[in-house]
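Note sheet for the following structure.
Keep in mind that the numbers below use all heavy atoms, side chains included, and drop hydrogens, waters and symmetry copies.
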Amino acid sequence: QVQLVESGGGSVQAGGSLRLSCAASGSSFSRYSVGWFRQAPGKEREGVAGIGTDGSTDYGNSVRGRFSISQDNTKNTLYLQMGSLKPEDTGMYYCAATELRLSWWSRLIPGRYDYWGQGTQVTVSS
């Protein structure tokens with residue numbers, strides 16, 4: 001099993017940037033499909049970005065062009081670089097992993113993931 005711990009959240013003004021990190025332990029990240037999700041109060045959890053085991057990436061429509069997902073397998077860490085932040089980006093951000101080899105159309109579906117971190121809060125003020 002893999003354990004996931006997110007960090008890097010905080011409060012920023014609109015237009016600012018943040019980089020989230022997700023440190024994995026217990027297993028190598030390279031074996032997993034991984035992704036970032038977010039959940040705002042009263043809303044469903046939504047997929048933000050994902051990386052397949054082949055290294056290909058996918059992004060939600062609302063963040064494409066502003067966010068970038070990457071992973072460093074030597075550090076067993078997943079990153080989410082967020083730029084041009086908007087108030088609607090506010091929410092709890094979670095990283096997730098699964099041993100399934102997810103196709104591109106399923107990488108942003110929360111139910112496809114088995115392992116989750118505890119989340120890190122991102123608040124964007126206008």
Separation between [atom1] of [X] and [atom2] of [Y], rounded to the nearest 0.5 Å:
{"X": "Glu88", "Y": "Ser62", "atom1": "CD", "atom2": "OG", "value": "8.5 Å"}
{"X": "Gln118", "Y": "Cys95", "atom1": "CD", "atom2": "SG", "value": "8.0 Å"}
{"X": "Cys22", "Y": "Gln71", "atom1": "SG", "atom2": "CD", "value": "10.0 Å"}
{"X": "Gln39", "Y": "Thr90", "atom1": "CD", "atom2": "OG1", "value": "14.0 Å"}

Do [X] and [Y] have side chains that approach each other closer than 4.5 Å (heavy atoms only, starting at C-beta)?
{"X": "Arg45", "Y": "Met92", "value": "no"}
{"X": "Arg19", "Y": "Tyr79", "value": "yes"}
{"X": "Glu46", "Y": "Arg38", "value": "yes"}

Minimum heavy-atom separation for [X] and [Y], please, with both atom names.
{"X": "Tyr113", "Y": "Trp116", "value": "O-NE1, 3.6 Å"}
{"X": "Pro87", "Y": "Ser126", "value": "CG-CB, 3.9 Å"}
{"X": "Thr123", "Y": "Gln121", "value": "OG1-NE2, 3.4 Å"}
{"X": "Ser30", "Y": "Asn73", "value": "CB-ND2, 3.7 Å"}

From CA spacing to verdict: side chain to side chain donor-acceptor pair (under 3.5 Å), Thr98, Asp114: CA-CA 5 Å; Thr98 177; Asp114 302 303; 2.9 Å; yes
Does [X] reach the main-chain N or O of [Y] with its side chain, forming a donor-acceptor pair under 3.5 Å?
{"X": "Thr74", "Y": "Asp72", "answer": "no"}
{"X": "Arg66", "Y": "Ser84", "answer": "yes"}
{"X": "Ser33", "Y": "Leu102", "answer": "yes"}

Stepwise side chain to side chain contact (heavy atoms under 4.5 Å, CB included) test for Asn76 and Ser28: CA-CA 6 Å; Asn76 232 20; Ser28 172; 4.2 Å; yes
Gln1 atom CD, over 12 foreign heavy atoms within 6.0 Å: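 Counting other residues, nucleotides and ligands, CD of Gln1 stays at 12 neighbours or fewer.
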Neighbour count above 12 (heavy atom, 6.0 Å) for Arg101 CZ: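 No, not enclosed.
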Shared-cluster residues of Val63, by chain and number - hydrophobic side chains joined below 4.5 Å: Val2, Leu4, Val12, Leu18, Leu20, Phe29, Tyr32, Val34, Trp36, Val48, Ile51, Tyr59, Phe67, Ile69, Leu78, Leu80, Met82, Leu85, Tyr93, Tyr115, Val122, Val124
Step-by-step side chain to side chain contact (heavy atoms under 4.5 Å, CB included) determination, Glu6 to Tyr94: CA-CA 7 Å; Glu6 302 95 334; Tyr94 301 90; 3.8 Å; yes
Salt-bridge contact Asp54-Arg107 (side-chain N to carboxylate O under 4.0 Å):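 Counted as a salt bridge, because a side-chain N and a carboxylate O are separated by less than 4.0 Å.
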